[in-house]
**Q** 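One structure, as structure tokens, below. Some questions next.
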Protein chains: 2
Amino acid sequence: MTRNRFLEEYSADCTFSPSLERLFDKWSPCVVSSLAERPHRFGELHRRVQGISQKMLTSSLHDLERDGFVLREVLPTGRVTVEYSLTSLGGQLATLIATLCAWTQEHADDVIAARERFDRRQEDEDGGMG
Amino acid sequence: MTRNRFLEEYSADCTFSPSLERLFDKWSPCVVSSLAERPHRFGELHRRVQGISQKMLTSSLHDLERDGFVLREVLPTGRVTVEYSLTSLGGQLATLIATLCAWTQEHADDVIAARERFDRRQEDEDGGMG
DNA sequence: CGGAATCCATAACGATACTG
DNA sequence: CAGTATCGTTATGGATTCCG
């Protein structure tokens with residue numbers, strides 16, 4: 001719950017509502033963008049979102065459902081079958097996430113280059129001042 | 001480093017570059033939006049961003065500088081004086097953050113209402129089935 | 001003032017085992 | 001299949017102390 005300061009109360013001139021913890025946790029963005037493509041069963045998501053544990057998937061889906069981003073439906077098959085899909089609010093969230101993805105990809109090179117410059121400068125300062 | 005799965009390698013149809021850890025950590029968005037308004041000294045930021053520890057401010061600024069979002073300048077005053085400002089890339093990040101803030105605020109009520117519905121349903125299911 | 005270094009609490013997460 | 005429960009590890013961040 002202390003994930004991002006915006007999520008709590010206040011920050012300088014910028015107040016995130018307490019509604020967007022989902023954007024900042026580890027797996028929810030992945031889950032949402034999978035569901036943006038089509039509804040998934042639990043097991044499908046588990047295979048689809050590489051590396052997620054069943055515990056984290058359960059927890060992400062639970063939180064996303066509680067916040068109104070995801071709809072959980074028990075299908076009337078013989079065995080236990082559950083389908084997850086996005087609500088319309090969840091669809092908006094997915095769009096937002098996609099926008100973020102796009103921006104980060106556009107500027108990935110800039111950031112990587114900045115890191116390399118920074119790290120080189122650090123080395124120079126540490127070493128070259130005898 | 002494991003903050004968000006997007007930041008590592010892969011997620012279903014959505015690949016965050018490794019460049020945006022800053023968007024997902026606890027304080028950087030607050031710091032960036034403060035700097036979006038005007039350059040700040042270290043101490044100013046410390047007072048401005050309510051609740052941040054000196055350690056976290058140092059660490060956020062360091063990471064933001066390394067990624068090319070923030071510029072750090074030692075001013076030629078008598079004593080130690082450092083000013084932080086956004087680079088142009090940092091300005092873009094600030095805009096993105098502002099967009100996120102706006103969206104979360106618009107839909108804060110929706111999310112809160114969804115939570116209440118969900119929690120009420122839970123209670124009903126737990127209690128009312130004797 | 002602007003930090004760095006250290007210590008410690010806890011929140012987040014992963015692995016595993018079990019259930020209807 | 002779709003979870004729940006438990007346990008151990010690691011990541012994160014707060015408090016404190018010290019330094020040029």
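Below, read A as the first sequence line, B as the second, and so on, with proteins coming before strands; counting in each chain starts at 1.
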**Q** Has B/Arg72 got a side-chain N or O lying under 4.0 Å from the OP1 or OP2 atom of C/dG3?
**A** yes
**Q** How long is the line joining CD1 of B/Ile52 and P of D/dG13, in whole Å?
**A** 10 Å
**Q** Check whether any side-chain N or O of A/Tyr84 sits under 4.0 Å from OP1 or OP2 of D/dG3, and answer yes or no.
**A**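 So the side-chain polar atoms of A/Tyr84 do come within 4.0 Å of the phosphate oxygens OP1 or OP2 of D/dG3, strictly under.
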**Q** What is the distance, rounded to the nearest whole Å, between atom CZ of B/Arg48 and atom P of C/dC1?
**A** 18 Å
**Q** Within the 4.0 Å heavy-atom criterion, would you say B/Val80 contacts the bases, only the backbone, or no part of the nucleic acid?
**A**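 Counting heavy atoms under 4.0 Å across all strands, the contact made by B/Val80 includes a base.
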**Q** Salt bridge check, B/Arg38 against B/Glu44: does any charged N sit closer than 4.0 Å to a carboxylate O?
**A**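 Salt bridge flag = yes for B/Arg38 with B/Glu44.
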**Q** Could you check whether A/Arg115 pairs with B/Glu65 (Lys NZ or Arg NE/NH1/NH2 to Asp/Glu carboxylate O, under 4.0 Å)?
**A**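 Not counted as a salt bridge, because no side-chain N and carboxylate O are separated by less than 4.0 Å.
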**Q** Nearest whole Å is fine: how far is C/dG3 C1' from B/His40 NE2?
**A** 18 Å
**Q** In this structure, how many angstroms lie between the P atom of D/dG14 and the NE2 atom of B/His46, rounded?
**A** 10 Å
**Q** Answer with yes or no whether A/Gln54 presents, from its side chain, a donor or acceptor under 3.5 Å of a partner atom in the base of D/dT4.
**A** yes
**Q** In whole angstroms, how far is the C1' atom of D/dA11 from the CH2 atom of A/Trp27?
**A** 15 Å
**Q** I want to confirm an ordering. Mapping A/Ser53 and B/His62 to their closest nucleotides on DNA chain C, which one lands closer to the 5' end?
**A**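 Upstream on the strand: B/His62.
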**Q** Under 30°, 30 to 60°, or over 60°: which ring-plane class applies to B/Tyr84 and B/Phe42, parallel, tilted or perpendicular?
**A**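 Rings of B/Tyr84 and B/Phe42: tilted, as their planes differ by 30° to 60°.
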**Q** Please give, in whole Å, the distance from D/dT4 C1' to A/Leu61 CG?
**A**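 Rounding to the nearest Å, CG of A/Leu61 and C1' of D/dT4 are 15 Å apart.
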**Q** Between A/Glu116 and A/Arg121, is the salt bridge (charged side-chain N to carboxylate O under 4.0 Å, His left out) condition met? List the steps.
**A** CA-CA 9 Å; A/Glu116 283 170 2; A/Arg121 249 185 296 137; over 6 Å; no
**Q** Taking for each residue the nucleotide of DNA chain D bearing the nearest heavy atom, is the 5' side occupied by A/Thr58 or by A/Arg79?
**A**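 Residue closer to the 5' terminus by nearest nucleotide: A/Arg79.
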**Q** Whole angstrom is fine here: how far is it from CE in A/Met56 over to P in D/dA5?
**A** 14 Å
**Q** Here's a test of your reading of the structure: between A/Gly43 and A/Lys55, which maps to the more 5' nucleotide of DNA chain D?
**A**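 Closest to the 5' end, via its nearest nucleotide, is A/Gly43.
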**Q** Rounding to an integer number of Å, can you tell me how far B/Leu45 CG sits from C/dG2 P?
**A**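 Between P of C/dG2 and CG of B/Leu45: 9 Å.
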**Q** Assess the residue pair A/Arg48 and A/Glu37 against the criterion (salt bridge (charged side-chain N to carboxylate O under 4.0 Å, His left out)); give the C-alpha distance rounded to whole Å, side-chain angles, the decisive distance to 0.1 Å, and a yes or no.
**A** CA-CA 12 Å; A/Arg48 179 75 188 276; A/Glu37 189 192 335; 2.8 Å; yes
**Q** At less than 4.0 Å, is any side-chain N or O atom of A/Arg41 found next to OP1 or OP2 of D/dC1? Yes or no.
**A** no
